[in-house]
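Just follow the structure's listing: the first ligand is 1, and inside any ligand the first atom is 1.
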Amino acid sequence: MSTLATPDNLASLRAALLNESQSTPLAQRFRALFTLKAIPGQESIDIISEGFKDESALLKHELAYVLGQKKDPYALDVLTRVLENEREDPMVRHEAAEAMGAISAQSAVPILEKYLNDPERAVRETCEIALDKIKWDHSNQPSASTSTSSATTQFTSVDPAPGSTSGLLKGKATQASVQELRDVLLDASKPLFERYRAMFALRNIGTDEAIDALADGFADDSALFKHEIAFVFGQLSAPHSVPSLLRVLQNSSEDEMVRHEAAEALGGIATPDVLPLLREWATREDAPRVVRESCVVALDMYEYENSTQFQYADGISAAA
Ligand SMILES: [Fe+2]
Ligand SMILES: [Fe+2]
C-alpha cells in the first residue's frame, strides 16, 4: 500500500484510532489501525501504543496483533507492559505474547518464560507457542529462515508457527498428507507448536478436505487453539467453512475469544447467508461485548467486500 506518512496523515489517523472526537465508530478506528500497520517506523508504533488506554478489549487485542505483524522490536517494550498487566483482558495479553513471538527477538524469551504458568490458559499456551517459535526461528533448521515468510504461500501474515512440510510430496498435498496433518492437529498429547504447524499446513493446502480437517479442531478444549482455527478460516475465505463458523458464533457456551474470531472470519468470507446472523449478534444483549463488537467490525468488512471501495485499510479517506 502506498500510504504517505505525512504529519497530517499521521495526526488524522491518530485522532481516528484514539477516538479523540468521541464519535468515531469502532469500524473506522479499525481502518485507521490497519492503515497505520502499513506505515513503517516508530511514529506509527507510538500512536498504536497509545491505544492501550482504551477499554475495548477487541480494539486493544488488535493493536497488539498489528504491533506483532510489523515485526519491529521497538514494539517489545509496550508489548511487555501489556503482558505484565495482569488486570488486562486475557485476550489482549495473549495477543501481546503472540506478537512477541511474531517479532521473534531472543530478548523476549525471559518475559515469555515468566508467564508460562499464568493462571489464564490462553496466556500460558500463547507463551509456550511463542517460545517454540522463537527457538525455531533462531535454530539452524534448513528452512527456518524462510519458514515463517510468505515466500511459499499466498498468505502474507507472520504466523505463530511455520506450516509443517512433512507428508507433502514436493510441497504438494496428497490425500494421505491431509489425513496425516489432521491426526497431528487433533492430537492433544502433542505440543501446541506442532499442532499449529499442522494447522498452517492444512491452511496452505486449503482444499475442502483440509477445511473439514480444520473444522474438526473446533471440538478441542483449548480456546486458543480453536480461535486460531477460526482465524485461518478467515484467511482462507472459503465458503466451505461457513457452516462451522456459524455454529461457533451462535454457541453461547463457546469461549468469547473463539466466537469473536469466528465473527470476524465470517465478515471476511461475506456470503449472503452470513449477513443476517452478524446483524443479529451485533446487537444481542446476551452476547459478550467482544462478540458484539466483532460483529460490528465484521459487518464493516462485509460492506467492504461487497462495495467498490478500493482498499479496506484506507483509513486516511475513512478518517477524512
Ligand atoms: Fe489471537
Ligand atoms: Fe482476534
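- For the Fe ion (ligand 2), the set of protein N/O/S atoms nearer than 2.8 Å consists of H61 NE2, H260 NE2, E261 OE1, ordered by chain and number.
- R197 places a side-chain N or O within donor-acceptor distance of the main-chain N or O of P162, the cut-off being under 3.5 Å.
- Side-chain contact between Q250 and W281: present, with at least one pair of heavy atoms (C-beta onward) separated by less than 4.5 Å.
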inquiry  = Test side-chain hydrogen bond (donor to acceptor under 3.5 Å, both in side chains) on D8 and T6; report intermediate values, then the result.
reply    = CA-CA 5 Å; D8 274 2; T6 64; 5.7 Å; no

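- R289 has its side chain within reach of S56: a pair of non-hydrogen atoms, C-beta onward, lies under 4.5 Å apart.
- H94 is listed as a side-chain neighbour of M257, based on a closest heavy-atom distance under 4.5 Å.
- Side-chain contact check for N19 versus L26: every heavy-atom pair is 4.5 Å or farther apart.
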